[in-house]
Amino acid sequence: MRAPLSFGAVDRLHRSAEFIRLQRSGLRFQSPHFVLYAGTLETEPDRSRLGVTVSRRIGNAVIRNRVKRRVREIFRGRIRDSLVKGTSLVVIARAGAGSLASASITDELIAGARNLSARISAKGAERA
């Protein structure tokens, strides 16, 4: 049995095809330092998963890894439970994300996840 706030390998997107599929067919939200894509994948209909992309333009390896750790921690602790079950999320860091404080990253990601979750819920209500 896993802890409810754990974040293991099964909670991450691994394949580039999954990233590309969400970027092409998922809903998009853009903030000053992040772009978020959300959608559902047939491979994991009951699990919310996260994929993070941080390019070299953000900074050196230490800065890139720090941004990825912060994004994963925010997803694990604050965002995962607010998403519709089975929603996968791709977060792409943009220029300036490496110099943000944790509180700023949290604010941007929560606002984006809240927006995307509301849009996914509305989209699901239209289908029903």
Side-chain angles (χ1 to χ4, degrees):
M1 177 97 186
R2 292 181 21 190
L5 292 179
S6 67
F7 188 80
V10 296
D11 297 318
R12 297 181 185 166
L13 295 174
H14 294 282
R15 295 183 171 84
S16 72
E18 294 170 331
F19 281 81
I20 291 169
R21 180 138 191 263
L22 285 173
Q23 290 175 20
R24 288 186 180 159
S25 65
L27 298 173
R28 180 177 195 227
F29 179 84
Q30 199 168 332
S31 72
H33 300 99
F34 296 96
V35 179
L36 285 76
Y37 294 94
T40 56
L41 298 172
E42 293 83 26
T43 57
E44 293 286 340
D46 59 341
R47 180 182 303 277
S48 293
R49 296 168 61 200
L50 173 70
V52 182
T53 302
V54 183
S55 72
R56 286 186 183 167
R57 289 184 292 165
I58 304 304
N60 63 22
V62 173
I63 292 170
R64 292 193 311 267
N65 288 326
R66 184 179 300 135
V67 170
K68 287 188 274 189
R69 281 194 309 271
R70 288 176 176 172
V71 169
R72 285 194 301 261
E73 180 66 15
I74 293 163
F75 177 81
R76 181 193 66 79
R78 306 275 305 268
I79 294 175
R80 180 170 41 192
D81 293 335
S82 67
L83 291 175
V84 176
K85 191 173 183 179
T87 301
S88 295
L89 187 69
V90 171
V91 177
I92 301 173
R94 299 174 80 188
S99 62
L100 289 177
S102 291
S104 299
I105 294 173
T106 301
D107 292 341
E108 284 191 37
L109 293 179
I110 288 176
R114 191 174 296 138
N115 179 291
L116 290 171
S117 185
R119 289 168 52 195
I120 288 171
S121 296
K123 191 176 180 181
E126 289 175 3
R127 289 182 183 171

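Keep in mind that what you see is a predicted model, and the values were worked out from it rather than measured.
Separation of atoms CZ (Arg47) and CZ (Arg80) is listed at 8.5 Å; rounding is to 0.5 Å. The distance from the CZ atom of Arg78 to the OG1 atom of Thr106 is 6.0 Å, given to the nearest 0.5 Å. Atom CG of Leu109 sits about 9.5 Å away from atom CZ of Phe29, to the nearest 0.5 Å.
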Donor-acceptor contacts under 3.5 Å from residues 14-22 side chains, at least two apart:
from, atom 1, to, atom 2, distance (Å)
His14, NE2, Ala9, O, 2.7
Glu18, OE1, His14, N, 3.2
Glu18, OE1, Arg15, N, 3.3
Glu18, OE1, Arg49, NH2, 3.3
Glu18, OE2, Arg49, NH1, 3.4
Glu18, OE2, Arg49, NH2, 3.4
Arg21, NH1, Glu42, OE1, 2.8
Arg21, NH2, Glu42, OE1, 3.4
Arg21, NH2, Glu42, OE2, 3.1

With a 3.5 Å cut-off and sequence neighbours excluded, list the donor-acceptor pairs that the side chains of residues 90-98 form with protein atoms.
from, atom 1, to, atom 2, distance (Å)
Arg94, NH1, Ser31, O, 3.2

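The side-chain heavy atoms of Leu36 and Asn115, taken from C-beta on, include no pair separated by under 4.5 Å. Asp11 places none of its side-chain heavy atoms less than 4.5 Å from the side chain of Leu50. Considering only heavy atoms from C-beta on, Val71 stays 4.5 Å or farther from Ile74 through its side chain. Leu89 has its side chain out of reach of Thr87: every pair of non-hydrogen atoms, C-beta onward, lies at least 4.5 Å apart.
For Ser102, the side chain to side chain donor-acceptor pair (under 3.5 Å) partners two or more places apart in sequence, or in a different chain, are Arg70. In this structure, Thr40 has no side-chain contact (heavy atoms from CB on, under 4.5 Å) partners at least two apart in sequence or on a different chain. Considering only residues two or more places apart in sequence or on other chains, Asp107 meets the side chain to side chain donor-acceptor pair (under 3.5 Å) condition with none of them. With sequence neighbours excluded, the residues forming a side chain to side chain donor-acceptor pair (under 3.5 Å) with Glu73 are Arg76, listed by chain and number. Every residue was checked against the side chain to side chain donor-acceptor pair (under 3.5 Å) condition with Arg114, not counting sequence neighbours, and none meets it.
Listed by first then second residue, pairs satisfying ring-ring contact (aromatic ring centres under 6.0 Å, His included) with a partner in residues 76-100 number zero, not counting sequence neighbours. Legend: ring-ring contact (aromatic ring centres under 6.0 Å, His included) pairs involving residues 94-114, not counting sequence neighbours: none detected. For residues 51-93, the ring-ring contact (aromatic ring centres under 6.0 Å, His included) pairs, not counting sequence neighbours, are Phe7-Phe75. For residues 84-111, no residue pair satisfies the ring-ring contact (aromatic ring centres under 6.0 Å, His included) rule, not counting sequence neighbours.
Ser121 and Val84 make their closest contact through OG-CG2, 3.6 Å (heavy atoms, listed as atom of the first residue, atom of the second, distance). Between Arg64 and Ser55 the shortest heavy-atom distance is CD-O, 3.1 Å.
Counting only distance, with no hydrogens or angles, the side chain of Ser117 and the backbone of Ser82 share a donor-acceptor pair below 3.5 Å.
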